[in-house]
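Some notes on the structure that comes next.
These numbers were taken from a predicted model, which means no experiment stands behind them.
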Amino acid sequence: MSCRGAEVSSDTWTLGPLKLSSRVLLGTARYPTRQVLLDALGASGTRMVTVSLRRVRPGTPGDDLYVALAEAGYHLLPNTAGCHTADDAVRTAELAREALDTPFIKVEVTADHETLLPDGEQLLDACERLVRQGFVVLPYTNDDPVLARKLEQIGCAAVMPLAAPIGTGLGIRNPHNLELIRRSVRVPLIVDAGLGTASDVAQAFELGMDAVLLNTAVARADDPVRMARAVGLAARAGREAFLAGRVPIKRYAEASSPTQGVPWAKP
């Protein structure tokens, strides 16, 4: 009797000091209501969620999102969204550690307001300083294999290459670069930004990624809870496909039925 289903459900992975049972991370912004957010998180199966200290202040009387998430058992991953310099990112990370009592930080340092693409130089500077301060650093970066290796070399706990620009829903625009990053980077890889639907999630795992992070694709879906459930299922399917090993791609057709012994088959 096959036990593959049990293997999928127990396919845990390690992120810094944590062992996680879900490979889906979700953002907490842009949902229509607080209850829809909580229902979507539950439907996805996620165990870690991102929060922005610059957009939601902790300690709001009677309406503290961070308390609600922590009480529900989710690990909090604060981010430095909105920062455009290394100094700003480091300062925001320090505030997040103080306010939320966590060493985890997703480092975002964007180059401009139009593309919201990462500024590689400022990102490296911020991450190197935060690693020295003992943070568990997860940088949001371009799909650049060279930059990904540098981030690993300075001690980042994971690398988070984008699929496409933030919020676009374009899906994975450069699978070749993600494959190159997978071949050269040993720390966990989390595809972040630009995923639009469940098939994008499955593709990320088929490329060998360890996890995905989504926000807009779920929060702005017509039915966020149903999309969150679809994302969780796609993550498991894509991971299983990767572990199974896909058939090699060929240029020409190859019959699936044997032709040996067929009188009209060409030798």
Side-chain angles (χ1 to χ4, degrees), residues 4-13 15 20-51 69 72 74-75 77 79 106 116 138 140-141 143 158-179 181-182 188-247 249:
R4 294 299 297 162
E7 290 180 22
V8 178
S9 64
S10 62
D11 183 27
T12 58
W13 63 295
L15 183 61
L20 297 171
S21 58
S22 171
R23 293 176 179 268
V24 174
L25 287 70
L26 285 187
T28 54
R30 309 185 73 184
Y31 287 83
T33 67
R34 173 72 61 83
Q35 191 57 53
V36 170
L37 162 62
L38 295 174
D39 290 345
L41 296 180
S44 73
T46 187
R47 301 315 308 152
M48 175 171 274
V49 298
T50 61
V51 292
L69 294 172
Y74 297 111
H75 299 288
L77 175 59
N79 63 45
K106 177 191 170 189
L116 296 179
L138 286 65
Y140 163 62
T141 181
D143 55 355
V159 176
M160 306 179 75
L162 55 78
I166 291 174
T168 61
L170 287 169
I172 296 174
R173 309 308 291 170
N174 198 340
H176 176 64
N177 273 26
L178 292 183
E179 288 180 324
I181 293 172
R182 177 70 288 171
L189 293 177
I190 305 169
V191 170
D192 179 21
L195 298 174
T197 189
S199 58
D200 299 332
V201 171
Q203 183 185 13
F205 283 101
E206 289 169 3
L207 291 170
M209 301 299 106
D210 295 286
V212 294
L213 194 158
L214 305 91
N215 192 162
T216 304
V218 175
R220 290 304 191 189
D222 292 340
D223 186 337
V225 177
R226 176 166 286 183
M227 180 60 78
R229 186 177 301 112
V231 162
L233 293 170
R236 293 195 290 275
R239 175 69 176 166
E240 270 290 90
F242 172 72
L243 294 174
R246 65 160 294 146
V247 63
I249 297 173

Give every donor-acceptor pair under 3.5 Å between a side-chain atom in residues 223-230 and any protein atom, sequence neighbours left out.
residue	atom	partner	partner atom	Å
D223	OD1	V225	N	3.3
D223	OD1	R226	N	3.1

In Å, rounded to the nearest 0.5 Å, how long is the span from [atom1] of [X] to [atom2] of [Y]?
X: S22; Y: D11; atom1: OG; atom2: CG; result: 10.5 Å
X: N79; Y: M160; atom1: CG; atom2: CE; result: 9.0 Å
X: L20; Y: M48; atom1: CG; atom2: CE; result: 5.5 Å
X: T216; Y: L195; atom1: OG1; atom2: CG; result: 10.5 Å
X: L26; Y: L77; atom1: CG; atom2: CG; result: 11.5 Å
X: L162; Y: L116; atom1: CG; atom2: CG; result: 11.0 Å

Just jot down the side-chain contact (heavy atoms from CB on, under 4.5 Å) partners of [X], sequence neighbours excluded, or say none.
X: A211; value: W13, R23, L25, I190
X: N177; value: D143, P145, N174, L180
X: N215; value: A29, Y31, A219

Between [X] and [Y], which heavy-atom pair has the shortest distance, and what is it?
X: A234; Y: A198; answer: CB-O, 3.2 Å
X: P161; Y: V159; answer: CD-O, 3.2 Å
X: V191; Y: A163; answer: CG1-CB, 3.7 Å
X: A158; Y: L15; answer: CB-CD1, 3.7 Å

(request) Output all residues satisfying side-chain hydrogen bond (donor to acceptor under 3.5 Å, both in side chains) with R182, sequence neighbours left out; order by chain, then residue number. (result) D210
(message) Could you go through D192 and I166, starting from their C-alpha distance and side-chain angles, then the distance that decides it, and tell me whether this counts as side-chain contact (heavy atoms from CB on, under 4.5 Å)?
(response) CA-CA 8 Å; D192 179 21; I166 291 174; over 6 Å; no
(request) Would you indicate whether the side-chain heavy atoms of L207 and P175 approach each other to under 4.5 Å? (result) yes
(message) For a 4.5 angstrom cut-off between non-hydrogen side-chain atoms, does R47 reach Y74?
(response) yes
(message) Quick check against the 3.5 Å criterion: does T46 have a side-chain atom that pairs as donor or acceptor with the backbone of L41?
(response) no
(request) Would you confirm whether S21, through its side chain, and T12, through its main-chain N or O, come within 3.5 Å as a donor-acceptor pair? (result) no
Please tabulate, one pair per line, all N/O donor-acceptor pairs under 3.5 Å involving side-chain atoms of residues 199-206, not counting sequence neighbours.
residue	atom	partner	partner atom	Å
D200	OD2	G196	N	2.7
D200	OD2	T197	N	3.2

